[in-house]
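Shown next, in structure tokens, is the structure this report addresses.
Values below: all heavy atoms of this structure, side chains included; hydrogens, waters and symmetry mates excluded.
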Amino acid sequence: MDSFVVKRKRRIGEQSTEFNSEHVTKKSKDDSTETDQGAVHSILWKEIRRENLCCDYTVFYSKHQADELLAECEKKLIYNEGQMARVHLYGKWMEIARKQVAFGDDCLSYRFSGKTVLARPWIPLVQKIKDDITKATGYTFNFVLVNRYKDGHDHIGEHKDDEKDLVFGHPIASLSLGQARDFVFKHQDSRGKKATRDIPTVKLELQHGSLLMMKHPTNSFWYHSLPARKKLINVRINFTFRQMVVKKTC
DNA sequence: TGGTATAAAGCGC
DNA sequence: CGCGCTTTATACC
């Protein structure tokens, strides 16, 4: 069993909606003997399972905690500009419809779509979120890509996370703050006109303060996207914590 | 070395 | 407004 049920010293928030809920099971509390004056609670993960898709979702921070984190992010985060804010796709350089910055251990970088995003040194705000997730899940991370979607016009297209620089099999932890947004998984065999199979898309709504653990082999088989939702006016900031291959040279 | 994939926008419906 | 589909020439195994 791949479950990880972890105790945290806080009450977790409400579960959010997963549209195709018939395939979702809530993880039951295990046979834990934890009795820390009732102050410690197991995280209730919503398990999302399809063929070669394995994700766990929970509301990780209370509204109050998430509000404070979002405010601090808006105050302290500075995003990449210029060449660093573009991708090379289908022969053209394109501006991205969002803002992006990365933090990580010394000398780490992440290459995708013809560009290299260098990690800035960790700052306490981001380090704290990373440490919270590690405490809750047991997984470590040495890199995070931060995407800021200023409103519902900002988005990211269908893609798979580029695995060249990622430690194979390590989960990606996606923490969301701010505007709840739809998040869509589409199986690689069900895309386009010459799809060979008809596998339904999987849609989630990623809530303020939520954590989505994307586990192996999800990213090898499924594309994901954050489609535009043009009526939404509020900002969303997303952190995707990763474990990168550490190279010998800087 | 070639075969393969593409984190984007734009169009039609 | 939202979706599905096409594009395209470079970068990479």
Considering only the [atom1] atoms, how many Å lie between [N] and [M], rounded to the nearest integer?
N      : M     : atom1 : value
C:dA9  : C:dC5 : P     : 23 Å
C:dC12 : C:dT8 : C1'   : 16 Å
C:dC1  : B:dA9 : P     : 16 Å

Regarding [X], tell me which of base, sugar-phosphate or nothing describes its non-hydrogen contacts under 4.0 Å with the strands shown.
X        : answer
A:Arg98  : sugar-phosphate
A:Gly192 : sugar-phosphate
A:Lys164 : sugar-phosphate
A:Lys115 : nothing
A:Glu95  : sugar-phosphate
A:Asn147 : nothing

Kindly determine whether A:Glu205 and A:Arg181 satisfy salt bridge (charged side-chain N to carboxylate O under 4.0 Å, His left out), including the steps that lead there.
-> CA-CA 5 Å; A:Glu205 189 178 39; A:Arg181 291 287 295 263; over 6 Å; no
Can you name the one residue among A:Thr240, A:Asp162, A:Leu118 that meets side chain to side chain contact (heavy atoms under 4.5 Å, CB included) with A:Tyr110?
->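 Only one option passes, and that is A:Asp162.
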Is the aromatic ring of A:Tyr90 within stacking range of B:dT6, meaning centres under 5.5 angstrom and planes under 30 degrees?
->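 Per 5.5 Å and 30° rule: yes, stacked.
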Phosphate contact (B:dT6 OP1 or OP2) by A:Tyr223 side-chain N/O below 4.0 Å | yes
Is the shortest heavy-atom distance from the side chain of A:Arg229 to the side chain of A:Gln179 under 4.5 Å?
-> no
Please tell me which of the listed nucleotides, B:dA9, B:dT6, C:dG2, lies nearest to the side chain of A:Lys230?
->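 So the side chain of A:Lys230 is nearest to C:dG2.
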Whether A:Trp122 and A:Phe241 hold their rings parallel, tilted or perpendicular, with breakpoints at 30° and 60° = parallel
